[in-house]
Amino acid sequence: MNPNPGSHFPHLLAPLDLGFTTLANRVLMGSMHTGLEDGSKHFPAMAAFFAERARGGVGLIVTGGFAPNIEGWAKPFAGTLSTSAGARRHKLVTDAVHAEGSKIALQILHTGRYGYHPLCVAPSRIQSPISPFTPWALSAHGIERQIRAFVRCAKLAREAGYDGVEVMGSEGYFINQFLVTHTNHRTDEWGGAYENRMRLALEIVSRVREAVGVDFIVIYRLSMIDLIPDGSSWPEVVQLAKAVAGAGATLINTGIGWHEARIPTIATSVPRAAFAWVTKKMRAELRAAGITVPLITSNRINMPEVAEQVLADGSADMVSMARPLLADAEFVNKARAGRRDEINTCIACNQACLDHTFRAELATCLVNPRAGRETQEVFQARPAGRKKRIAVVGAGPAGLAAATVLAERGHEVHLFEAAAQIGGQFNLAKLIPGKEEFAETLRYFGRRITSSGVRLRLGTRISAHDLIALGCDDVVLATGVVPRHAAIPGADDALLRERILSYVDVLLHAKPVGERVAIIGAGGIGFDVAEYLATRPGESPTMNLHEWLAEWGVADPSQARGGVVRARPAAPARHITLLQRKAGKLGKGLGKTTGWIHRAALQMKQVEMLGGVNYERITPQGLYITYGDKRSDGQLIECDSIVICVGQEPQRELLDPLRLANQSTHLIGGADLATELDAKRAIDQGTRLALRL
Ligand code: FAD
Ligand code: NAP
Ligand code: SF4
């Protein structure tokens, strides 16, 4: 049945009646830690951040996690709600969201043994692999204190004007730690039999419900598949879901995997809606038992059609999206208006959100640098004072961001691109298996170029002479980078040249690559090229859920405890050796939250990784290397092809002639600085410049 005829996404946009209140649609902005929670000085920014998402049409927002007490802190002085004075500060946030006609729940997050501080507590004194602190094992009295803290926090949330709370019971945090024998070795009434281990979850939900009354949303985030070897069994998870519903949960949200799980759950290489089947399985169990509590599904749902599909096929009653709302605050309104092609899609890179959080920086978004900075002066969109004629040279991420913002502010913008399409290096990135999402950013900018009135000229390598002749007020050089040359003896030998390729030759020009490959340079691009060459053409597992689950060893949780089995990766397409000069582990400079995934993926493809090498010479047989300062242990890497991925140099030959002609000229992106360049910096720099010209 179509619940919302005439709508573009009828299931997604259908209201959800919770009995005592109705949500406007099925979009839940999932909880994500932005850093704005940690310190009351950020509350005005947090209020503006959520208000913008509320205005964008989201049905229900969940805040980032707030600890109910000091023991529950994620890190020292993390956001906590434990006093009435604290609750009063939250009024700023709840009022701002309500003024925009949306609803907001506060997430209560007790991190247990994941707490990055010496006061952390847990059911048993067992250190987690992702924290240097060993938790204190709680006494029965200590457990009671934690429950009371949850209840107090929920009551304060109500006092602060929230519409509900989310009790964080998944991802391996405190409540989850009680549920499984992996972390709960207790022998009292809180350990042993499953009824004892799940007691904490039920005590918290039922006592919170009792304290807040019947007309307050209580979401329980339930770990439906732990993805750790001795996680919960499926019957246990189902038993808990039924009991939580009985204890008074209004909604049950899906948690996927503990933080210490070695299976990616939200990175870009995870297929879209990769875990909706788990929620669907749970929904069937609950409905069969006559339990109608609405279920929320989650993870890698980033476009309205994906959300619509999981709702239409009965996987869930609601969809949680966190990062997609960071990327585009207007997501829901655009979906409603039939403008899905204008959505700035979250590409699941984690580079500006989760990676920032793990480095204790405020979260923002690679594709939307305004996110989280809505109150900052520099990000206030202001119309151009005087309409200028501005040329932007290069339609890579930096040029695209600059040109569109400039045109939207009212300037006359001419965008020149040498290639036949926009996107610059993103056209290479999107070819990497597991990075297919990057094409969405190009679709988004393509649409925005049209709507903003940018005058785009493709296939035009513009010269300084022509730029000057155009008579611009300003020229923005976003001409990007050129691959760096590797000065290795033998590299210039005419007989060997055929076998030595740059990453551009491999990815863009599809030059033939042999069976045995040495990749010189193990930065982001070296890793990506290894992934590309190890995967058979057209066999990116990201595009095939069944293959992806097998590759990472994810099983039906009713067949294997925790949903984990032995990984069955596809055979690699080539034998690859990846090399760097630095000693130590390869990939150290990759993303904080995604580097391990890239390393694990290459290990599964049997890529040999060698660090601390000297490139002595390229010979007809392959690449001859030695190790360390002593240049010892000479070794020939026999290979048919050598791919050079040793970084880039700025491309800015237009700069000097333009400046000589007194043309006002600005450099952004790789043209400005190639070192440690990424799309986050390119888009951010392009946006900031365009907001001030
Ligand atoms: P570019 O993207 O290089 O764009 C410059 C543009 O200028 C090009 O289109 C070029 O044709 C055009 N141009 C140059 N000269 C002229 C001229 N005279 N006239 C007209 N046009 C001209 N970054 C990330 O953040 N995350 C990733 O996961 C990631 N993965 C990557 C994977 C690969 C395989 C590659 C190659 C790159 C990846 N990057 C990634 C890097 C990212 O793509 C770059 O940092 C970003 O594209 C730089 O943007 P830019 O606009 O400065 O330059
Ligand atoms: P990079 O990260 O700077 O890596 C360059 C690699 O080449 C390093 O391994 C470096 O290590 C080596 N190298 C540098 N100069 C060399 C020389 N003269 N001879 C031999 N080896 C040399 O650059 P990149 O891999 O080209 O990536 C470019 C940018 O794109 C990066 O800054 C990155 O942020 C971005 N990117 C990001 C991702 C991502 O997943 N986030 C993916 C792809 C690209 P040694 O000096 O130790 O050998
Ligand atoms: Fe999504 Fe990347 Fe933006 Fe995070 S930084 S919200 S993962 S696009």
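Every number for a ligand or one of its atoms is a count from 1 in the order of the listing. Heavy atoms only: backbone and side chains are in, while hydrogens, waters and symmetry mates are out. In this text the structure is predicted, and so the values were computed from the model without any measurement.
- Within the 4.0 Å heavy-atom cutoff, Tyr615 counts among the residues contacting ligand 2.
- Per-residue contacts place Leu654 under 4.0 angstrom from the following atoms of ligand 1 (heavy atoms of the residue considered): 18 (N).
- For the pair Arg457 and Phe416, the cation does not sit on the ring face, since its NZ or CZ is not both under 6.0 Å from the ring centre and inside 45° of the axis.
- Residue contact check: Gly670 has heavy atoms under 4.0 Å from atoms 52 (O) of ligand 1.
- Distances from atom 40 (C) of ligand 1 to the protein include no heavy-atom value under 4.0 Å.
- The distance criterion of under 3.5 Å between nitrogen or oxygen atoms is met by Gly524 with respect to ligand 2.
- The contact set between ligand 1 and Ala418, taken as ligand atoms under 4.0 Å from a residue heavy atom, comprises 20 (C), 21 (N), 22 (C).
- Those atoms of ligand 3 that come under 4.0 Å of a heavy atom in Cys353, given as number and element, are 4 (Fe), 5 (S), 6 (S), 7 (S).
- At the shortest separation from atom 11 (O) of ligand 1 among protein heavy atoms lies Glu417 OE2, 2.6 Å.
- Contact annotation for Cys346 and ligand 3: heavy atoms of both the backbone and the side chain come within less than 4.0 Å of the ligand.
- If you number the atoms of ligand 1 from 1 as listed, the ones under 4.0 Å from a heavy atom of Phe416 come out as 20 (C), 21 (N).
- Here is the list of ligand 1 atoms found below 4.0 Å of a heavy atom in Leu507: 34 (C).
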